[in-house]
Amino acid sequence: MLNYEVDASLLLPFVPAGTELDLWNGKVFVSLVGFRFLKTRLLGVLPFPGHSNFDEVNLRFYVRRQAGNEVRRGVVFIREMVPRWTIAFVARTFYNENYVALPMTHEIRSVDEGRLSVVYRWRSENRWSGISLETEGTPVVPVEGSVEQFITEHYWGYAAQPDRGCVECRVIHPSWRVWQVRQSAFEGDADNVYGKEIAAVLQGKRTPHFSRKGPRLP
């Protein structure tokens with residue numbers, strides 16, 4: 001996960017109806033996240049041959065919604081990249097999610113002293129781009145009130161709809177453990193995927209950045 005502090009005005013056009021930006025200590029963040037779907041099943045039951053294990057890189061930000069006495073903290077995806085056209089088509093058609101299919105690859109390996117080196121790459125307009133990081137220390141559950149907890153502890157997803165409505169879904173997962181990161185990088189040209197304004201953010205300063213560990217449960 002590469003996390004960037006941004007001006008709220010950059011994200012306001014993407015905020016779904018009925019939600020508002022969720023802030024940490026008055027700061028607004030977007031996150032560029034690389035991960036792997038493993039043993040994926042349709043509706044949590046049906047296997048999807050040839051599409052069970054695949055990479056995804058998404059750009060997301062954080063919102064909240066008041067539901068009665070409950071504050072629901074969630075994520076909104078600006079763009080989600082996967083390597084298979086069928087997956088992107090289903091997500092766009094049935095869920096109105098902003099998926100795009102691009103050639104992708106990843107590498108996750110151990111380096112000295114138990115550290116991890118992680119790379120996710122994608123190709124757009126015949127040019128490879130990617131995110132990379134190298135961890136340090138051991139993964140731990142985020143401290144209460146920390147920015148790591150803020151980034152990882154969002155349990156709802158929101159997607160704007162063509163009729164200006166909003167779809168809400170709940171995501172159940174245990175508290176993720178996170179690694180601190182000794183170095184990280186974004187490389188490549190993001191203009192074609194994210195547009196010039198967001199691309200300028202991704203190619204600029206990141207604060208903070210870390211890696212998470214743990215499954216997302218159905």
With a 4.5 Å limit on heavy-atom distance, are the side chains of R64 and R72 in contact? no
Check for me, please, whether F37 and V33 land in the same ILVMFWY cluster - side-chain distances under 4.5 Å, paths through other members count. yes
Are the side chains of I131 and W122 in contact, using a 4.5 Å heavy-atom criterion? yes
The reported gap from CZ in F54 to CZ in R36 (rounded to nearest 0.5 angstrom) is 9.5 Å
Taking a hydrophobic cluster as the set of Ile, Leu, Val, Met, Phe, Trp and Tyr residues connected by side-chain heavy atoms closer than 4.5 Å, whether directly or through intermediates, do L59 and L12 fall within one such cluster? yes
Side-chain contact, heavy-atom cut-off 4.5 Å: V76 with R60? no
For a side chain to side chain contact (heavy atoms under 4.5 Å, CB included) check, start with the C-alpha distance between L102 and V193, then their side-chain angles and the critical distance, and finish with the verdict. CA-CA 10 Å; L102 296 171; V193 177; 4.3 Å; yes
Can you find a pair of side-chain heavy atoms, one from T152 and one from W176, that are under 4.5 Å apart? yes
If I take atom CZ from residue R92 and atom CD1 from residue I87, how far apart are they, to the nearest 0.5 angstrom? 11.5 Å
Please report the closest heavy-atom contact between S175 and Y155, naming both atoms and the distance. OG-OH, 4.2 Å
Heavy-atom side-chain contact between W128 and D189 under 4.5 Å: no
If we only count heavy atoms from C-beta on, is the I78 to L11 side-chain gap below 4.5 Å? yes
Do the charged groups of E134 and R115 touch, with an N to O distance under 4.0 Å? yes
Return the minimal non-hydrogen interatomic distance between Q203 and G188, and the atom names on each side. NE2-O, 3.0 Å
Is there a continuous path of hydrophobic side-chain contacts, each under 4.5 Å between heavy atoms, that joins Y194 to L2? yes
Minimum heavy-atom separation for H154 to V63, with atom names? CD2-O, 4.1 Å
Got L21 and L23 here, is their nearest side-chain heavy-atom distance under 4.5 Å? yes
Q180 and E148: side-chain donor and acceptor closer than 3.5 Å? yes
Check the side chains of D163 and Q161 for a donor-acceptor pair under 3.5 angstrom, ignoring hydrogens and angles. no
Could you pull out the closest heavy-atom pair between A17 and C166, with the gap in Å? O-CB, 3.4 Å
Checking V57 against F35 for the side chain to side chain contact (heavy atoms under 4.5 Å, CB included) test, could you report, in this order, the C-alpha distance in whole Å, the side-chain angles of both residues, the deciding distance, and whether it holds? CA-CA 7 Å; V57 172; F35 66 98; over 6 Å; no
Between Y99 and A91 the two heavy atoms that sit nearest each other are CD1-CB, 3.2 Å
Please round to the nearest 0.5 Å and tell me the distance separating atom CZ of R79 and atom CG of N98. 6.0 Å
So for atom CD, which belongs to E70, do other residues, nucleotides or ligands contribute more than 12 heavy atoms lying within a distance under 6.0 Å? yes
Value for CD (E168) from CH2 (W156), rounded to nearest 0.5 Å, stands at 4.5 Å
Can you name the nearest heavy-atom pair linking R177 to P139, along with the distance? CB-CB, 3.8 Å
Decide if atom CZ of R121 counts as having more than 12 heavy atoms of other residues, nucleotides or ligands within a radius under 6.0 Å. no
Using side-chain heavy atoms (C-beta onward) and a distance below 4.5 Å, is M81 in contact with E56? no
CD of E153: more than 12 outside heavy atoms within 6.0 angstrom? yes
From OH (Y4) to CG (L32), nearest 0.5 Å: 6.0 Å
Aromatic ring pairing F150/F29, orientation class (parallel under 30°, perpendicular over 60°, tilted between): tilted
Going from CD on E197 to CG on D191, what distance comes out if it is rounded to the nearest 0.5 angstrom? 11.0 Å
Using side chain to side chain contact (heavy atoms under 4.5 Å, CB included), reason through R65 and Y158 one step at a time and then give a plain yes or no. CA-CA 10 Å; R65 184 176 85 86; Y158 295 96; 3.7 Å; yes
Go through the steps to decide whether Y62 and S31 satisfy the test side chain to side chain donor-acceptor pair (under 3.5 Å), and finish with yes or no. CA-CA 9 Å; Y62 305 94; S31 301; 2.6 Å; yes
Can you tell which of D22, L10, V15, V75 makes a side chain to side chain contact (heavy atoms under 4.5 Å, CB included) with F61? V15
T19 side-chain N/O to P16 backbone N/O, donor-acceptor pair under 3.5 Å: yes
L133 with I108, same ILVMFWY side-chain cluster at under 4.5 Å: yes
Examine V140 and L116 and state if one hydrophobic cluster contains both, with Ile, Leu, Val, Met, Phe, Trp and Tyr joined whenever side-chain heavy atoms are less than 4.5 Å apart. no
Between Y120 and E107, do the side chains contain an N or O donor and an N or O acceptor separated by less than 3.5 Å? no
Worked check of side chain to side chain contact (heavy atoms under 4.5 Å, CB included) between V100 and E80: CA-CA 6 Å; V100 60; E80 299 170 82; over 6 Å; no
